[in-house]
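To keep things clear, I will list the structure first and then write my remarks on it.
Both backbone and side-chain heavy atoms feed into the values below; hydrogens, waters and symmetry mates do not. Order of appearance sets the numbers: ligands from 1, and atoms from 1 within every ligand.
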Amino acid sequence: MILDGVIMRGLLESVIENNMPYTKDGKVASYIPLLSSANPDHLGICVTTLEGKEYSAGDCEVKFTMQSISKVISLMVAMLDKGTKNVFSRVGMEPTGDGFNSIVNLEVRNYNKPFNPMINAGAIVTCSLIEGENVEEKFQKVLSFTRKITGNDSIDINQGVYLSEKNTGDRNRALAYFMKGNGILQGNVDDVLEVYFKQCSMEVCCRDISRIAAMLANDGVLPWSGERVISREVSRIVKTIMVTCGMYDESGEFAVHIGIPAKSGVGGGIMASVPKRMGIGVFGPSLDEKGNSIAGIKMLQELSKELDLSIF
Ligand code: DON
């Protein structure tokens, strides 16, 4: 379907307007102290088509930190570095039904790897698989890949949010040390977490994440330049894991109501990739109890219905 620009812009404007009331529900994240200063009234949306056209509405230029959306990036970088088979010998492909920072499965279930690369434990393991001489080289790899797949060379980390998480990230330290103690995680824990905390604090806007999603929707090819950045196979795996695990213990409900591969972050962003159709980036910092943007989910639900985007 060719999207008419005028109709699309009008549709996105009304999606913002219709879902603005939901910004009053939920709460902004505060367990990373600096995230609590986010403005819960912000609401933005951007769509990038496979022809490279972009449509946006609301606070689409407002920056927010990627948080867990970055787990998709480290997964891609790890797969490029180590190969799919190697990566999935160290991290599983199964949804958990538990929260994103849950520790329970690591001990209670007889499983020698974290369930999937979208929960914190799994993302910490994928960060440990990225190749590089030192922490800085490994993180620079994640950052430059992010800049490439967004076409935005100005992306950088939000230093305040990075330090805020680093100073308070004891739960992630607990996960990492537990995995190191059990032989699931290799390498220096502080170094691995440094890459993880930094990637989570990369600052983006709706347009940036809609472009990443459009690349995934386009089977690994950047819509605006035609350059292939990941294989069709890696793109297929990433989208599949987004469907089953991207919204954590809300992934089932999200699949039923919206039906689009997506990944959320506690910064309030959701990156949604509609195969062969478009990438969508939404932002609304007020979260539900699972850590997903409430108004963001509502906007995706309306857009999915209006444009018949469900893959199911
Ligand atoms: O590790 C953390 O807790 C955060 N940096 C990321 C968590 C997150 O975004 C969960 N997603 N909704």
Side-chain angles (χ1 to χ4, degrees), residues 26-36 38 40 63-75 91 95-103 106 114-128 139 142 146 157-179 185 189-190 192-204 209 212 241-242 244-254 258 261-272 281-297 300:
K27 286 195 178 80
V28 301
S30 57
Y31 76 98
I32 298 172
L34 213 73
L35 292 185
S36 62
K63 288 183 179 175
F64 55 92
T65 53
M66 284 186 109
Q67 299 301 335
S68 286
I69 298 171
S70 68
K71 293 167 178 171
V72 173
I73 298 181
S74 46
L75 175 61
V91 60
T96 65
D98 299 309
F100 64 83
N101 56 8
S102 176
I103 200 163
L106 289 177
F115 267 65
N116 67 69
M118 300 293 118
I119 52 171
N120 290 10
I124 291 167
V125 169
T126 54
C127 282
S128 78
F139 172 65
V142 175
T146 308
I157 65 172
N158 177 317
Q159 194 69 17
V161 173
Y162 156 63
L163 290 175
S164 186
E165 177 162 18
K166 186 175 169 160
N167 291 336
T168 56
D170 294 321
R171 192 166 173 113
N172 284 326
R173 279 187 194 94
L175 287 170
Y177 277 109
F178 190 88
M179 292 192 289
L185 180 70
V189 166
D190 286 333
V192 174
L193 286 172
E194 188 76 1
V195 176
Y196 176 73
F197 292 146
K198 281 189 166 160
Q199 72 167 32
C200 285
S201 63
M202 289 189 295
E203 218 171 24
V204 290
I209 56 173
I212 302 173
I241 290 184
M242 284 164 71
T244 54
C245 314
M247 304 298 284
Y248 306 109
D249 38 341
E250 206 171 348
S251 297
E253 207 178 319
F254 189 88
I258 290 114
K263 182 74 208 85
S264 61
V266 290
I270 305 176
M271 173 173 93
V282 296
F283 167 57
S286 215
L287 310 177
D288 62 21
E289 69 285 357
K290 319 266 183 176
N292 299 324
S293 169
I294 295 182
I297 290 180
L300 287 171

Quiz item: salt bridge (charged side-chain N to carboxylate O under 4.0 Å, His left out) with Arg171: which residues, sequence neighbours excluded?
Solution: none
Practice problem: Quick one: list whatever passes salt bridge (charged side-chain N to carboxylate O under 4.0 Å, His left out) with Glu194, sequence neighbours left out. | Solution: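 Glu194 satisfies salt bridge (charged side-chain N to carboxylate O under 4.0 Å, His left out) with Lys166, Lys198 only.
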Quiz prompt | Which residues share a side chain to side chain contact (heavy atoms under 4.5 Å, CB included) with Asp190, sequence neighbours left out | solution = Tyr177, Asn188
Can you give me a line-by-line list of nitrogen or oxygen pairs between ligand 1 and the protein shorter than 3.5 Å?
unit_1   : atom_1 : unit_2 : atom_2 : d
ligand 1 : 1 (O)  : Asn120 : ND2    : 3.1
ligand 1 : 1 (O)  : Glu165 : OE2    : 3.2
ligand 1 : 1 (O)  : Asn172 : ND2    : 2.9
ligand 1 : 1 (O)  : Tyr196 : OH     : 2.6
ligand 1 : 3 (O)  : Tyr31  : OH     : 2.5
ligand 1 : 3 (O)  : Asn120 : ND2    : 3.3
ligand 1 : 5 (N)  : Gln67  : OE1    : 2.7
ligand 1 : 5 (N)  : Glu165 : OE1    : 2.9
ligand 1 : 5 (N)  : Glu165 : OE2    : 2.7
ligand 1 : 9 (O)  : Ser68  : N      : 3.0
ligand 1 : 9 (O)  : Ser68  : OG     : 2.6
ligand 1 : 9 (O)  : Val266 : N      : 2.8
ligand 1 : 11 (N) : Ser68  : OG     : 3.2
ligand 1 : 11 (N) : Tyr248 : OH     : 3.2
ligand 1 : 12 (N) : Gly291 : O      : 3.0

Self-check item: Pair Tyr31, Asn101: side-chain N/O donor-acceptor within cut-off below 3.5 Å
Solution: no
Quiz item: Which of these, Thr96, Ile69, Val72, sits in a side chain to side chain contact (heavy atoms under 4.5 Å, CB included) with Met118?
Solution: Val72
Quiz prompt | Nearest atoms (heavy-atom pairs only) where Gly160 meets Leu34 | solution = C-CD2, 3.5 Å
